[in-house]
Every structure is written in C-alpha cells, then in structure tokens.
Amino acid sequence: MHMFPQLRKIERKYPSDVVVIGVHSPKFPAERETANLRAAVLRYGIEHPVVNDRDFRVWQSYAGRAWPTLFFVDPRGKVIGKHEGEITFAGLDQVVQDMVAEFDREGILSHKPLTSRLEKSLERESPLLFPGKVLADPASGRIFIADSGHDVIVVASTDGTIQETVGCGTPGFQDGDFATAQFRSPQGMALNGGSLYVADLENHAIRTVDFRSRVVTTLAGTGEQARSFNQGSSAAQTPLNSPWDLALRRDTLYVAMAGFHQIWTLDLKTGIVRPFAGAGHEGLEDGQREQAWFAQPSGLALGDDQLFVADAETSAIRAIDLNPPGLVRTIVGQGLFEFGDVDGVGDEVRLQHPLGIAWRDGTLFVADSYNNKIKRVDPVSRRSTTFLGNGQPGDRDGVGPEARFREPSGLAMLDGRLYVADTNNNLIRVADLATSEVGTFKLRR
C-alpha cells in the first residue's frame, strides 16, 4: 500500500515510457480470490494491470522474497534490477529516469502508450464506496461513516437521513470548510464534543472536523509518510505512517499507527504525539508495552482500563494495560503466518486479518474481515465464537449465520445495535445484539 503513491507518480510522469504491472502474490487465503483482489484494485485506485499470482508462479519464477519487491525490466524483457522493500519516489524516479534515457539512446524504447479498461469503469454508482470505519454517538444519535472510497465523512441520523457530508470528494490534503476540505482514504474516527478526529490514512495525518465552525484542520502529521522511526514531538511537525484507527480517553487520543506497527498517543492538551506501545518490529510478542511487537494494528476499542487492538497482520486480538505495569497480552492469535477460521478457546482460535473491534459489557466484537464474519471474543476466558455470518461473501440480511458480509472492517455500538462497515459491499449493516438479526442501513437525503 505504501508503494501505490510512488508508483502513481511514476505513471503520471512517464505515461508513454513506462508500464507498471502489479503482481499480487497473496498471503491470506481470502486474498487469493479474484473477486476480492478486484475489490482491492478499486478500493486503492489502482490504474495499472494487476496479475493474480494466487499460486505464486510469478513469485517463484522471479525469485521473490519480500513484500513489496520491485523488478525493473528493459524493453527486451530482460530483468535488469531488483529492489526489495519500500523506496521513496526520489530514489525510484532516478532509476526510471536513467533507464528511459538509456533505452531512448539505444532506440529500443517505444513511446506509444498502452491502453486498458479500468476496473472502475465497470462499477455501478453507490451512496458509499468502500466505507472503512463507522462511529456511533449515543449523545446525539448520529452515525459517522468514513466513506473511504469517496474520500469524505458522511454524518447520518439513525433512520439513515444524511445530515452532513464533510469533504469535497476529490482526494487530496487540504484544510478548509466542509465543501472544500480534502481527505485521502479516511478511516478511524473519535468524537470529542463538537470535534470529530479522523485518521486520514493515505495522507498520514490526523484531521479535526469542527462542527461548530464547520471547518476541517490538520491536528497531526505533515501529509507525507514518515520514512523512519521517531520518538515524536509536536503533532503538526511529526510525519506519521498510516494511522488506521483512533480511540479517545479523556485528553489522550490513541492511534493505531499501522505503518510503524505501533500504537501512538496524541496529547490533546500539549499537542505532543509519540509512540505508546510497540517497539516497531513486525510480529507478535507480548510483555512490557514499549518492547511488545505488533503487526499492522488496524482497529482500537477502549475497555475498562485496557486498550484492545485488532492486530491485522498477525490475525490477533491484543490487550494493552493502560495502568502500570503497562503490559501487552494476546487474547487470541498466534503470529504472522497462523490464521484461519476456528472458534474455540485461547491458542486454538484462528482469525483471518481482523480490521475492526468494539467493546460492550465485557465482550469484544471483532470484524473478522477476511472470514466475512463478526466474532464475539471474551477477553478473560479467551473464548471466540461466530456471532454473525457464515463465512461466504455476500450482502444477504438475516439472523446470525444467515447473514453474509464481504470483508467487514469497522464496528460501532449504539442502543443495543451493532453497526458494521461492510467494506466490499459498499454498505453499512445493522445487527440487533439481542436477536442477532442483520439488516442494511439505508442512507437517504
């Protein structure tokens, strides 16, 4: 995901000289399905051809070892370079610039652009597009939706009436009033009175939506991805790295900093942002919060003096003590390459890339995204059970296992109902916690 912006810049700078071909070599079983890959291509605005290398044939023939890996191929089809890991646009641009100049001198470079049919041209219009997260406010009865694919925040009443749309809908990084402000794939949110905080994922920033002044401002981040670990400082001057979700406790905003594999805090009084939990290594290690390992934490929920984390890449649910001694423990999950769909207790439980989490009366509700299910997890007994969905992708309403979802990613509670950001269905679903009946939240103006 971090490479998409750099590749877009290359495609725009060299539209007639360079062809980017994406090769998707999937880790999780759900990522092998072409329908899911197509949804990801649409969700992330990819405009180059993508190969579904579901059996790792391309990976093996090119001796791939790391996600991501870039291969540089000359006009004759010969591999002339390889780069493992992320790379800045400046570094990538220099390589491409030199290649273009060299092959132009040799007279072997065609300047005729290739044409292709974009996947988005086949997509029907919908009120929402890949909504990533949802937030419910008991005080006002409002539902806040991160309409990630449209790059806006939608505010609705519980009957589905749209009250506000925040943002102009054009991706970018621009403060301003509700009609002109720009986001880029907004995700998690937290509400503080008249202010809504937004994890602006692809802008690597935390934004503030002020409903009194009706203005959007940048609270943290510079709009550029942080390229190295740092200990944090003034929020406005500190580059961030893929903030995915938020949770608010008094004057502390907790940030799931997925790109750094850490949880950060932002002190709303002092304006200081810094790492809170995680050493920055990708993996699953418990212990003191500063030494623990996370892997792309993507969902947060506050419980009784604990912060619960949907640790996506380890398919795990973690708990962080907010009081001394500040330990991190794993509730369910075994590591980077241990995943599946297994209910049970403790170490026998398997999830698959959970992205959302919510807390209510001692129970965790988990958006088990790649299993197309909503799970219930007891953080004390470590028991995990399927609450909604049967694992088959779809958009069918019904009771309990009759319902179907397609990569749900965000959860919120309000008045005995669970709101679900059903991302790949472009929908918000609503489940009655008492009856397990699932319906579709229909938006209207």
Side-chain angles (χ1 to χ4, degrees), residues 133 135 146 186-193 195-201 203-209 217-226 228-282 285-312 316-330 355-359 364 410:
K133 299 291 184 183
L135 175 70
Q187 291 287 336
M189 297 162 289
L191 190 65
N192 184 17
S195 296
L196 180 74
Y197 303 115
V198 180
D200 197 4
L201 176 66
N203 278 325
H204 309 283
I206 308 298
R207 316 291 291 281
T208 302
V209 178
T217 56
T218 299
L219 178 63
T222 63
E224 297 293 330
Q225 180 190 359
S228 59
F229 293 109
N230 58 68
Q231 291 305 306
S233 58
S234 171
Q237 300 173 1
T238 302
L240 307 182
N241 195 345
S242 294
W244 209 298
D245 202 8
L246 305 174
L248 181 65
R249 185 177 189 248
R250 295 192 281 272
D251 292 316
T252 299
L253 190 65
Y254 294 93
V255 183
M257 200 71 72
F260 277 152
H261 313 299
Q262 293 176 314
I263 308 301
W264 282 41
T265 58
L266 196 163
D267 189 315
L268 297 177
K269 285 187 174 181
T270 65
I272 299 298
V273 62
R274 59 166 61 94
F276 171 73
H281 301 294
E282 185 178 21
E285 292 285 345
D286 292 341
Q288 290 291 330
R289 68 171 190 247
E290 295 85 357
Q291 281 79 49
W293 291 19
F294 296 86
Q296 295 178 22
S298 301
L300 298 177
L302 282 163
D304 298 331
D305 296 321
Q306 288 184 306
L307 180 66
F308 297 102
V309 181
D311 204 22
I317 303 300
R318 320 287 293 281
I320 307 172
D321 291 330
L322 298 180
N323 297 324
L327 298 177
V328 175
R329 67 185 178 93
T330 298
L355 291 173
I357 189 169
W359 162 268
L364 291 169

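Being a predicted model, the structure only gives us computed values, none of them experimental.
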Measure the [atom1]-[atom2] distance between [X] and [Y] for me, rounded to the nearest 0.5 Å.
X: D321; Y: L327; atom1: CG; atom2: CG; answer: 5.5 Å
X: E224; Y: N241; atom1: CD; atom2: CG; answer: 12.0 Å
X: D200; Y: R207; atom1: CG; atom2: CZ; answer: 5.0 Å
X: L135; Y: L196; atom1: CG; atom2: CG; answer: 6.5 Å

Can you tell if the side chain of [X] reaches within under 4.5 Å of the side chain of [Y], non-hydrogen atoms only?
X: I272; Y: T270; result: yes
X: T265; Y: V273; result: no
X: L240; Y: N203; result: no
X: P275; Y: Q262; result: yes
X: K133; Y: W244; result: yes
X: Y254; Y: V309; result: no
X: I206; Y: V255; result: yes

Task: Near-ring test W359/F308, centroid separation under 6.0 angstrom - done: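 For F308 and W359, the ring centres are under 6.0 Å apart.
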Open item on the list: Check K269 with D251, please: is the shortest side-chain N to carboxylate O separation under 4.0 Å?
Closed with: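 Judged by the 4.0 Å cut-off on N to carboxylate O distance, D251 and K269 do form a salt bridge.
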What pair of heavy atoms forms the shortest contact from [X] to [Y], and how long is it?
X: L219; Y: A235; result: O-CB, 3.4 Å
X: Q187; Y: A146; result: O-CB, 3.1 Å
X: L307; Y: A247; result: CD1-CB, 4.1 Å
X: G188; Y: L246; result: O-CD1, 3.7 Å
X: T252; Y: L248; result: O-CD1, 3.4 Å
X: A312; Y: L355; result: CB-CD2, 3.9 Å

Open item on the list: Can you list everything that forms a side chain to side chain donor-acceptor pair (under 3.5 Å) with S242? Sequence neighbours excluded, please.
Closed with: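 In terms of side chain to side chain donor-acceptor pair (under 3.5 Å), with neighbours along the sequence ignored, S242 is linked to H2.
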Open item on the list: Determine whether T330 and I317 satisfy the following criterion, side-chain contact (heavy atoms from CB on, under 4.5 Å), listing intermediate values before the conclusion.
Closed with: CA-CA 6 Å; T330 298; I317 303 300; over 6 Å; no
Open item on the list: Could you check whether any side-chain N or O of N192 sits under 3.5 Å from a backbone N or O of S195, counting only pairs where one atom can act as donor and the other as acceptor?
Closed with: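 It does not hold such a pair.
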Open item on the list: Has D311 got a side-chain atom pairing as donor or acceptor with R318's backbone, closer than 3.5 angstrom?
Closed with: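 No; judged by distance alone, with no hydrogens or angles, the pair does not exist.
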- [ ] Could you tell me whether Q288 atom CD has more than 12 heavy atoms of other residues or ligands within 6.0 Å of it?
- [x]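 Enclosed.
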Task: Side-chain H-bond candidate by donor/acceptor type, S233 with T238, under 3.5 Å - done: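 Per modelled atom types, S233 and T238 side chains form a pair under 3.5 Å.
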Show the atom names and distances, to 0.1 Å, of all donor-acceptor pairs under 3.5 Å that link a side chain in residues 289-305 to residues at least two apart or in another chain.
residue: R289; atom: NE; partner: F276; partner atom: O; Å: 3.1
residue: S298; atom: OG; partner: Q296; partner atom: O; Å: 2.9
residue: D305; atom: OD1; partner: R249; partner atom: NH2; Å: 2.8

